[in-house]
Each structure stands twice: as C-alpha cells, then as structure tokens.
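Here the structure comes first, spelled out in structure tokens, and everything after it is commentary.
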Amino acid sequence: TSIYGWDIGTNLALLLKNIIAVEKKYFVDIGNLNPEFLVYFKELKPILKSGKINAMTIPLISASNKIILLSGKRFKINDFKVFLNWMEDYCPNIRLNINSIIGYPHETISDFQETLKFIFKYLRANLIFEIYTYKDIYFSESYRLKNKVKEKEITRRVGILRETVRLSFDKSLAKNLAIIDTRFIK
C-alpha cells in the first residue's frame with residue numbers, strides 16, 4: 001500500500017488527501033500498510049486527524065532492526081515508535097492492527113525479546129497485535145534466507161509469549177493480542 005503511485009508520480013498521502021476531501025459520511029480502513037509509509041508521515045498527519053480514517057493494518061514483522069532489514073523493509077523501529085506515540089496522542093480512535101512474526105529467519109532470542117518488549121509496551125485498547133509463527137512459503141522473500149529458526153524453538157517462543165501474557169499482562173487487553181500458529185495451516 002505505501003508504494004502506491006510511485007510509478008505514476010503520486011503517493012499514498014495524496015490519494016488519501018483526495019479521498020478524505022469527499023464531503024460524505026464514511027470511514028476508511030487501510031489494509032496491509034507497509035511501514036515504509038513513514039516517509040509520508042508529515043503529509044499523513046492531517047489526514048489521520050481528519051476523523052475519516054477508521055483503522056490501519058501494518059505488517060511490522062519484528063521490533064528488531066536486524067530482522068526488519070532482513071525482511072527487505074527500509075525503516076527503523078524507532079521511527080515506528082514515534083508514529084505509535086503520535087497516534088496515541090493525536091488519533092487515539094484509529095484502530096491499529098500490527099502484524100508481527102515469531103521465528104523469522106535469523107531471529108535470535110534477543111530479537112524475539114525486543115519484539116516481546118515492544119508488544120507489551122505499546123499494547124492498548126485501540127492497538128491489536130496479531131502474532132504469527134513463521135512459515136516457509138516457496139517464492140516468498142524469506143524463503144531464500146538461511147538460518148531458519150527451528151520448529152522446536154518457535155514452539156518454545158510461542159510458549160514464552162503465552163506465559164508472559166498469563167503472568168504479567170493487563171487481562172482487560174487480552175482480547176487485543178492474538179497468536180496465530182501458521183505452521184500447521186496448509
């Protein structure tokens with residue numbers, strides 16, 4: 001979504017600006033918004049404040065800059081944190097769905113812990129985390145990467161996440177965290 005218009009000399013911010021200019025009652029849900037949209041963050045601020053954006057789904061992958069880079073994304077986690085903090089202050093009614101992956105190739109326990117800390121720091125009423133287990137899919141960008149995290153280790157990390165939720169989590173926000181084990185989906 002965030003690369004919209006690069007080939008025709010426009011961009012996502014201009015598209016959304018034109019959409020919200022329409023004088024009707026409606027809401028816009030933006031799906032699969034690559035975090036690289038942050039290059040337009042300044043232009044997007046008034047659009048996000050317009051009251052016409054209802055929800056955004058953002059495939060973050062990880063809170064580790066190393067994993068973000070390996071996944072082919074060109075943004076830093078600190079830029080994303082600035083965005084989330086701004087959204088909490090200025091657009092608390094926009095629902096954010098953040099997708100992350102446990103066990104992405106090359107993910108160390110330290111990378112996993114960065115993502116875990118990130119989730120629990122930013123989880124709130126209007127922010128939903130969907131955590132997927134990594135699944136090797138032929139022709140995906142990650143398929144060619146080496147250093148795959150072993151199935152047993154992914155299972156262990158899912159257990160750590162579930163136990164962390166059980167022990168130290170605000171139970172009223174439990175509905176905002178979903179763990180989806182994609183390894184067994186055909």
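Bear in mind that the values here come from a model prediction, so they are computed numbers and not experimental data.
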Least distance between heavy atoms, [X] atom then [Y] atom:
X: Leu70; Y: Leu145; answer: O-CD1, 4.0 Å
X: Tyr40; Y: Ala13; answer: CB-CB, 4.1 Å
X: Asn126; Y: Cys91; answer: ND2-O, 4.1 Å
X: Ala21; Y: Tyr26; answer: N-OH, 4.2 Å
X: Gly103; Y: Tyr134; answer: O-CB, 3.3 Å
X: Ser62; Y: Ile77; answer: O-CD1, 4.1 Å

Side-chain heavy-atom pair [X], [Y] within 4.5 angstrom cut-off:
X: Asn65; Y: Phe75; value: no
X: Ile98; Y: Glu130; value: no
X: Leu177; Y: Ile131; value: yes
X: Val22; Y: Ile20; value: no
X: Ile102; Y: Leu161; value: yes
X: Ile53; Y: Phe27; value: no
X: Phe129; Y: Asn97; value: no

Connected via hydrophobic side-chain network under 4.5 Å: [X] and [Y]:
X: Ile109; Y: Val158; value: yes
X: Ile128; Y: Ile101; value: no
X: Met87; Y: Leu127; value: yes
X: Phe139; Y: Ile137; value: no
X: Phe37; Y: Trp86; value: yes

Problem set entry | Pair Phe118-Tyr122, ring pair (Phe, Tyr, Trp, His ring centres under 6.0 Å): steps then yes or no | CA-CA 6 Å; Phe118 177 85; Tyr122 287 97; 4.9 Å; yes
For this session: Could you tell me whether Lys73 and Glu36 have a side-chain N and a carboxylate O separated by less than 4.0 Å?
Result: no
Exercise. Is it true that Lys150 and Glu153 have a side-chain N and a carboxylate O under 4.0 angstrom from each other?
Worked result: no
Verify the distance criterion only: is there a donor paired with an acceptor across the side chains of [X] and [Y] at less than 3.5 Å?
X: Ser100; Y: Thr115; result: no
X: Ser71; Y: Tyr104; result: no
X: Thr57; Y: Asn32; result: no

Exercise. Are the side chain of His106 and the backbone of Lys148 linked by a donor-acceptor contact shorter than 3.5 Å?
Worked result: no
Exercise. Is it true that a side-chain atom of Thr133 and a backbone atom of Thr182 form a donor plus acceptor pair closer than 3.5 Å?
Worked result: yes
Working to the nearest 0.5 Å, report the span between [atom1] of [X] and [atom2] of [Y].
X: Ile68; Y: Leu60; atom1: CD1; atom2: CG; answer: 5.5 Å
X: Arg74; Y: Asp79; atom1: CZ; atom2: CG; answer: 13.5 Å
X: Ile30; Y: Ile19; atom1: CD1; atom2: CD1; answer: 8.0 Å
X: Tyr132; Y: Asp181; atom1: OH; atom2: CG; answer: 12.0 Å

[atom1] ([X]) with more than 12 external heavy atoms under 6.0 Å:
X: Lys81; atom1: NZ; value: yes
X: Phe41; atom1: CZ; value: yes
X: Glu141; atom1: CD; value: no

Result block: side-chain N/O donor-acceptor pairs under 3.5 angstrom for residues 44-51, not counting sequence neighbours:
| unit_1 | atom_1 | unit_2 | atom_2 | d |
| --- | --- | --- | --- | --- |
| Ser50 | OG | Ile47 | O | 2.7 |
| Ser50 | OG | Lys52 | N | 3.2 |

Seminar exercise, completed: Residue pairs passing the salt bridge (charged side-chain N to carboxylate O under 4.0 Å, His left out) test with at least one member in residues 91-120, sequence neighbours excluded, are Lys66-Asp111, Glu107-Arg157
Problem set entry | Test side chain to side chain contact (heavy atoms under 4.5 Å, CB included) applied to Leu116 and Phe112, step by step | CA-CA 6 Å; Leu116 203 60; Phe112 168 70; 4.2 Å; yes
For this session: Please step through side chain to side chain contact (heavy atoms under 4.5 Å, CB included) for the pair Leu12 and Leu33, ending with a clear verdict.
Result: CA-CA 10 Å; Leu12 179 65; Leu33 182 61; 3.3 Å; yes
